[in-house]
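Written out below as structure tokens is the structure these notes cover.
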Amino acid sequence: MSTLYSSNHCPSSSSSQSPGAVATTVSPSDNETPFKKLKDELLSVTPPEEFTDVAGFDVKEEKSTVSITVVGASGDLAKKKIFPALFALYYEGCLPEQFTVFGYARSKMTDAELRNMVSRTLTCRIDKRSNSALSFGLGPVFALFESKLFGLHERLHPFGFFRENCGEKMEQFLERCFYHSGQYDSQADFAELDKKLKEHEAGKVSNRLFYLSIPPNIFIDAVRCASLSSSSPNGWTRVIVEKPFGRDSESSAALTRALKQYLKEDQIFRIDHYLGKELVENLSVLRFSNLIFEPLWSRQFIRNVQLIFAEDFGTEGRGGYFDNYGIIRDIMQNHLLQILALFAMETPVSLDAEDIRNEKVKVLRSMRPLQLDDVAIGQYKSHTRGGVTYPAYTDDKTVPKDSLTPTFAAAALFIDNARWDGVPFLMKAGKALHDRRAEIRVQFRHVPGNLYKRNFGTDLDQATNELVIRVQPDEAIYLKINNKVPGLGMRLDRSNLNLLYAARYSKEIPDAYERLLLDAIEGERRLFIRSDELDAAWSLFTPVLKELEEKKIVPEYYPYGSRGPVGAHYLAARYKVRWGDIAIDK
Ligand SMILES: NC(=O)C1=CN([C@@H]2O[C@H](COP(=O)(O)OP(=O)(O)OC[C@H]3O[C@@H](n4cnc5c(N)ncnc54)[C@H](OP(=O)(O)O)[C@@H]3O)[C@@H](O)[C@H]2O)C=CC1
Ligand SMILES: O=C1O[C@H](COP(=O)(O)O)[C@@H](O)[C@H](O)[C@H]1O
């Protein structure tokens, strides 16, 4: 599949641009006259023949169906993310014409009860996304202008303004949702599901997507039963597998082997939802489509790279799962490492999934396994602030009182290749910290022979450029630069060249699960993890995880809501690094 960055089925998708298209957008301040002319011109155009083929579904697809079965439909992730994402895709016109959603779990539920459960998770937030340009009064004009630039299939976009209201869309979506109760290890129960799927498919080519939204200990049973009893007889069958993909190299390899007994690698979609986040998607665009960044992207100009994840809440409700994994497996080995691989990879041959994944795996295989000395771990303890007492990690009833599981970790990683030799890639991830953020910070080297050295004092680090890619919240890309304070003197200041997404774009950013579900339906694998990537990722972390556990290393305790353990600063200081997220001008 070579349609990267383009979605055949998603008329209003902002990702529906072809790789070669010019992404010129129209800002509210642009001159109105050309738009008016353009609007008149486009409104007078009768959609050409290919309109229905490109924007809607081609003739072949009229005869095919897509069934999406959410296995574990009664669970937290299904309610929080999967059903809302499916609704958002439906609302945006991204799902195929003939689709059905099935919930599958052990809980007893009727179709009506499932619909009731799902309806409580849906919101019309999505309405804002599609129609927000209207608030400028120039909405239709922008939509038309964008549509002209983006290509034929975007011509549906203007008609978005005549869409049914969100409530009606919800009803229509819910009518497509059904439920089947069954055990995860019962082929007979999946065979019953198969019968129901066939009724809906009505003899058409049936494509089937299974989303395993269940605890990992039942992945294999569910895959075995689904593949043996309810694979598509005549279309594709794909399975989205949620993390964790094992807890070390051995268990991950065993999981892969077991999955491959029933599925081919190209049927397995291992999801890492961070790869579906807008600013992670944008990382390659930033690097490879801007001349000013790529030449600087190496040890020659970059002093260190920081990958930071922080949550301002604890493991509330997920302690049972978390205690078996810890923050290194939960966040670092997957989300942060995937971002690192995308950040550091060489230019891929093309934007095809395999070319990108080949480059990512090369980076991972060039990395040094993490050393115990290069890790600092912490665990949050109870803290009272403003009369409110926040719990310790071990106050969770599902967590053993003497648990040493880290809820915070900092690590220094190195890529032993020509581009990155000696550059520390520092990771930091923690729960129950003082704020919620995910960001990439790139700290550049000092300016050699800087003429303005004396204006900065002795701390040259404070004066170096820093590029920050804020993945969440308040998505932004900003570059810290030095400039002269206006006036007759020569005083220097630090300022940000700032692309704040909320200010630049009126469209709401889609949730990562929307993008990933759509990609899985379209067979686009670029944002899913290949098994060799997974092996390489586990090789980096397995030895240190074993050592931490065998040596029963005690984590440094940090108060709930704090900035985390000081051990993270000592680790960074060893590599002459200061964490960018705690700087005054962060
Ligand atoms: N929740 C989240 O925020 C995230 C979750 N994930 C991953 O997604 C998957 C699903 O997570 P989540 O929804 O939180 O999981 P849940 O614990 O909510 O489990 C989902 C469903 O699986 C069934 N189930 C639960 N425990 C068992 C068991 N021991 N044996 C058999 N069935 C069981 C239950 O359905 P029933 O009893 O009706 O059969 C439950 O509703 C997991 O792999 C998780 O690691 C990944 C990222 C974030
Ligand atoms: O995978 C996981 O991610 C969430 C954080 O995801 P986000 O999209 O809300 O940033 C984290 O809370 C959870 O522990 C982890 O399993």
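All values below come from the heavy atoms of this structure, side chains included, with hydrogens, waters and symmetry mates left out. As the structure lists them, so they are numbered: ligands from 1, and atoms in each ligand from 1.
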Notebook entry, point to check: Judged by atom type as modelled, is there a donor-acceptor pair below 3.5 Å linking the side chain of Ser382 to the main-chain atoms of Tyr390?
Noted result: yes

Margin query: Quick one about Glu508 and Tyr501 (side-chain donor to acceptor, distance below 3.5 Å, no hydrogens or angles considered), yes or no?
Written below: no

Note to self: Tyr184 vs Phe190, test: ring-ring contact (aromatic ring centres under 6.0 Å, His included). Steps then yes/no.
What the structure shows: CA-CA 8 Å; Tyr184 302 107; Phe190 275 92; 7.6 Å; no

Are any protein N/O atoms closer than 3.5 Å to the N/O atoms of ligand 1? If there are, list each pair with names and the distance to one decimal place.
from     : atom 1 : to     : atom 2 : distance (Å)
ligand 1 : 1 (N)  : Asp76  : OD2    : 2.8
ligand 1 : 3 (O)  : Lys80  : NZ     : 2.7
ligand 1 : 13 (O) : Asp76  : N      : 3.1
ligand 1 : 13 (O) : Leu77  : N      : 2.8
ligand 1 : 18 (O) : Asp76  : N      : 3.0
ligand 1 : 32 (N) : Arg106 : NH2    : 3.2
ligand 1 : 35 (O) : Ser74  : OG     : 2.9
ligand 1 : 35 (O) : Tyr184 : OH     : 3.3
ligand 1 : 37 (O) : Arg106 : NE     : 3.4
ligand 1 : 37 (O) : Arg106 : NH2    : 2.9
ligand 1 : 38 (O) : Ser74  : OG     : 2.6
ligand 1 : 38 (O) : Arg106 : N      : 3.4
ligand 1 : 38 (O) : Ser107 : N      : 3.0
ligand 1 : 38 (O) : Ser107 : OG     : 2.4
ligand 1 : 39 (O) : Arg106 : N      : 2.8
ligand 1 : 39 (O) : Arg106 : NE     : 2.9
ligand 1 : 39 (O) : Tyr184 : OH     : 2.6
ligand 1 : 41 (O) : Ser74  : OG     : 2.7
ligand 1 : 41 (O) : Gly75  : N      : 3.1
ligand 1 : 43 (O) : Ile214 : O      : 2.8
ligand 1 : 43 (O) : Lys243 : O      : 3.2
ligand 1 : 45 (O) : Lys243 : O      : 3.0

Next item on the list: Please confirm whether the backbone N or O of Gly564 pairs with a side-chain atom of Ser562, one donor and one acceptor, at under 3.5 Å?
Entry: yes

N/O contact list for ligand 2, threshold under 3.5 Å:
from     : atom 1 : to     : atom 2 : distance (Å)
ligand 2 : 1 (O)  : Lys243 : NZ     : 2.8
ligand 2 : 1 (O)  : His335 : NE2    : 2.8
ligand 2 : 6 (O)  : His273 : NE2    : 3.1
ligand 2 : 8 (O)  : His273 : NE2    : 2.8
ligand 2 : 8 (O)  : Lys277 : NZ     : 2.6
ligand 2 : 10 (O) : Tyr274 : OH     : 2.5
ligand 2 : 10 (O) : Gln472 : NE2    : 2.7
ligand 2 : 12 (O) : Glu311 : OE1    : 3.3
ligand 2 : 12 (O) : Glu311 : OE2    : 2.5
ligand 2 : 12 (O) : Lys431 : NZ     : 3.3
ligand 2 : 14 (O) : Arg318 : NH1    : 3.2
ligand 2 : 14 (O) : Asp330 : OD2    : 2.6
ligand 2 : 14 (O) : Lys431 : NZ     : 2.8
ligand 2 : 16 (O) : Lys243 : NZ     : 2.7
ligand 2 : 16 (O) : Arg318 : NH1    : 3.3
ligand 2 : 16 (O) : Asp330 : OD1    : 2.7
ligand 2 : 16 (O) : Asp330 : OD2    : 3.4

Item checked: Residues forming a side-chain hydrogen bond (donor to acceptor under 3.5 Å, both in side chains) with Glu359, sequence neighbours excluded -> Lys362

Checklist line | Asn304 and Gln443 side chains, donor-acceptor separation under 3.5 Å | finding: yes

Check: Are Asp272 and His335 linked by a side-chain donor-acceptor pair shorter than 3.5 Å?
Finding: yes

Checklist line | Between Thr405 and Asp323, a side-chain donor and acceptor under 3.5 Å | finding: yes

Note to self: If the condition is side-chain hydrogen bond (donor to acceptor under 3.5 Å, both in side chains), which residues does Lys264 pass it with, not counting sequence neighbours?
What the structure shows: none

